[in-house]
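Take a look at the structure below.
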Amino acid sequence: GSREEAERLLTDALREGSVDAADMLDELLRDEPSRRAALLKVRRQAVELRPGNMTRLAALREAARADQNTNYMRAIEHVLRAFDPVTGPLAPPPLTAQSSQPGMLTLLTRHSHEVGGEAFGVVWEGATAIFAKTPAAAGMTNLERVIPGPTSALSRLYEAALRLLDTPRFALFHRRSTDLRPKKGATSATELPFEEDGGALAVAVALLQTPAAVLSGDAGEDSAHLRWVLGQALSCVLPQNALVLGLPQADAQALWTVILGAFGPPGLVSVERKDAQLADLLWQTLAPSLQRRLKDLLSREGATPFELVLERARQSGRRVGMFLTGDFAHAARAVVAEFPQASADELEQPGGLERLCSQLPSLADLLRLAVRPEYADARWHLPTPASQRLASGRLPPV
């Protein structure tokens, strides 16, 4: 008989993952105009628990409309219409209509800030000399350095991304010709292939003293595909991702085992004899403060599988890529294409998005990001009437 106590108990249950609690809270709050913000939060949490459910997404959109949150309402509408053959997609605002977003890069790349990524970042910070190559050794000859500015589609996108996300400065190079072939999934940590119209675009990490990104393929036209790959470039050079994605996959996996064996709790893993020399070298090279930092990080959880560390690094790039495109449909198709067990055709079927979200955590994570208020404010903001005309297509985007 106590409404206040019921709300408290249901809120606790929702926090622990109960969809039933979300539905009961919805019934309690929906008819109270003064509780619109609370209802909006409850419906967002319900969408996060059942990503891809169109009924819950529509309810969230209506709550955003009632709360007069235009940016958020349009972001949700974009997801709802992503694969709707009747209404068609809702185009995102141009990047030029957005303001710089301090802290957004941290939100987008949060997966790589888990223990594994942070540990790799500490090793790169303290033992750069062990892994860094000269430009010649890294095969950087005859590459075109991309300079932020108006000279090409890629340079304009590069400049906009640096401005909006306030990324650490890094070098971006472009290799116009490539022997890479499009494929269903990546076979190594240094190969991130993407397919569109039979052409190949790929990005790789060059482990120079300051990591650089090398984009290969045709980057002549601004497209969602180019923006998606540029997102991988911005993410893969971050300290926590550089070694994971810059070393050959077998070497990166061996390094992770060495890190766990040398600085993790005793008995966590066994380091093979052939890798013992690298463990000794890390002990000699890393400063005592960084060794303590590693021990503290690795004492927080068990031995994270390298495959999970690698997937988290890749997911950070996907999230940055989706921010630059603003296009959830493109991001969803690109993610599904990376997993042989899934089919992008399912996205067009009734209930297909929800089924694929339950099958692919990477896709579910992108959907949860797409309906976050922080993401909506950063990517769906229309600050002036001129930018609204840009978004509506009445003026060409810059």
Side-chain angles (χ1 to χ4, degrees), residues 95 100-125 146 148 154 157-174 186 188-194 201-208 210-217 219 224-247 249 252 306-328 330-331 334-335 338 361-363 365-366 368-370 372 374-375 378-379:
L95 281 175
S100 61
Q101 298 291 330
M104 181 51 56
L105 183 65
T106 300
L107 171 66
L108 295 175
T109 61
R110 71 179 183 85
H111 289 285
S112 61
H113 290 281
E114 300 284 349
V115 168
E118 289 290 327
F120 269 106
V122 170
V123 170
W124 174 257
E125 175 190 349
V146 181
L154 179 56
L157 287 174
Y158 182 37
E159 180 180 49
L162 293 177
R163 176 181 65 84
L164 289 177
L165 296 177
D166 192 26
T167 68
R169 286 285 172 171
F170 72 98
L172 175 65
F173 294 87
H174 181 211
S188 75
T190 54
E191 246 181 283
L192 301 174
F194 304 95
L201 273 174
V203 62
V205 187
L207 291 176
L208 309 180
T210 299
V214 180
L215 191 149
S216 302
H225 186 47
L226 178 60
R227 295 178 182 215
W228 174 259
V229 178
L230 181 60
Q232 325 299 309
L234 268 66
S235 175
C236 69
V237 296
L238 297 174
Q240 64 269 24
N241 293 333
L243 286 171
V244 182
L245 298 172
L247 292 171
Q249 185 167 331
F306 174 76
E307 291 76 14
L308 181 55
V309 178
L310 175 59
E311 176 59 21
R312 285 169 173 169
R314 287 178 172 165
Q315 186 67 9
S316 292
R318 296 179 190 122
R319 287 162 67 98
V320 179
M322 189 175 77
F323 179 87
L324 295 184
T325 67
D327 188 342
F328 173 73
H330 179 277
V335 167
E338 291 186 48
S362 300
L363 177 60
D365 176 72
L366 289 182
R368 293 186 182 103
L369 174 64
R372 285 192 66 146
E374 303 93 329
Y375 176 87
R379 193 60 185 86

Could you go step by step and tell me if Glu118 and His113 meet the side chain to side chain donor-acceptor pair (under 3.5 Å) rule?
-> CA-CA 5 Å; Glu118 289 290 327; His113 290 281; 2.7 Å; yes
Assess whether side-chain contact (heavy atoms from CB on, under 4.5 Å) is satisfied between Met104 and Leu164, documenting all intermediate values.
-> CA-CA 9 Å; Met104 181 51 56; Leu164 289 177; over 6 Å; no
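Using a 4.5 Å cut-off on side-chain heavy atoms (C-beta onward), Val309 and Val115 make no contact. At least one side-chain heavy atom of Leu245 sits under 4.5 Å from a side-chain heavy atom of Arg314. Using a 4.5 Å cut-off on side-chain heavy atoms (C-beta onward), Thr109 and Leu234 make no contact. Residues Asp166 and Leu105 fail the side-chain proximity criterion, which asks for heavy atoms closer than 4.5 Å. When side chains are defined from C-beta on, Thr210 does not count as touching Pro168, because their heavy atoms never get closer than 4.5 Å. Here the side chains of Leu108 and Ser316 are not in contact, with every heavy-atom distance at 4.5 Å or above.
Contact record, Pro211 with Ala242: CG-CB, 3.9 Å, taken as the closest heavy-atom pair. Here the shortest heavy-atom pairing between Val205 and Gly246 reads CB-CA, 3.7 Å. Across all non-hydrogen atoms, the minimal contact from Val203 to Gln232 is CG1-CB, 3.5 Å. Annotation for His174 and Gly217: closest pair NE2-O, 2.7 Å, computed over non-hydrogen atoms. Minimum interatomic distance between Trp124 and Pro239 (heavy atoms only, all atoms of both residues): CB-O, 4.1 Å. Of all the heavy atoms in Ala206 and Val214, the pair that sits closest is CB-CG2, 4.3 Å.
Annotation: salt bridge (charged side-chain N to carboxylate O under 4.0 Å, His left out) contacts involving residues 234-246, sequence neighbours excluded, are absent.
Electrostatic pairing of Glu307 and Arg312 does not count as a salt bridge here, judged by no charged N lying under 4.0 Å from a carboxylate O. Salt bridge annotation for Asp365-Arg319: present, with a cationic side-chain nitrogen under 4.0 angstrom from a carboxylate oxygen. Contact check on Arg318 versus Glu338 returns a salt bridge, with a Lys/Arg side-chain nitrogen under 4.0 Å from an Asp/Glu carboxylate oxygen.
Remark: Glu125 engages Leu290 in a side-chain contact (heavy atoms from CB on, under 4.5 Å) (not counting sequence neighbours). Remark: Glu159 engages no residue in a side-chain hydrogen bond (donor to acceptor under 3.5 Å, both in side chains) (not counting sequence neighbours).
Here CZ of Arg227 is found 10.0 Å from CG of Asp327. Values are rounded to the nearest 0.5 Å. We find the NE2-NE2 distance between His330 and His225 to be 6.0 Å, quoted to the nearest 0.5 Å. In this structure, CG on Asn241 lies 7.5 Å from SG on Cys236, to the nearest 0.5 angstrom. To the nearest 0.5 Å, atom CZ of residue Arg379 and atom CZ of residue Phe323 are 6.0 Å apart. Put simply, CG on Leu172 and CG on Leu230 are 6.5 Å apart, with the number rounded to the nearest 0.5 Å. Atom CG of Leu107 is separated from atom CZ of Arg372 by 5.0 Å, given to the nearest 0.5 angstrom.
Remark: aromatic rings of Tyr375 and Phe328 are distant, center separation not under 6.0 Å.
Paired with Leu157 under the rule side chain to side chain contact (heavy atoms under 4.5 Å, CB included), one option of Val146, Leu162, Leu95 passes, and it is Leu95.
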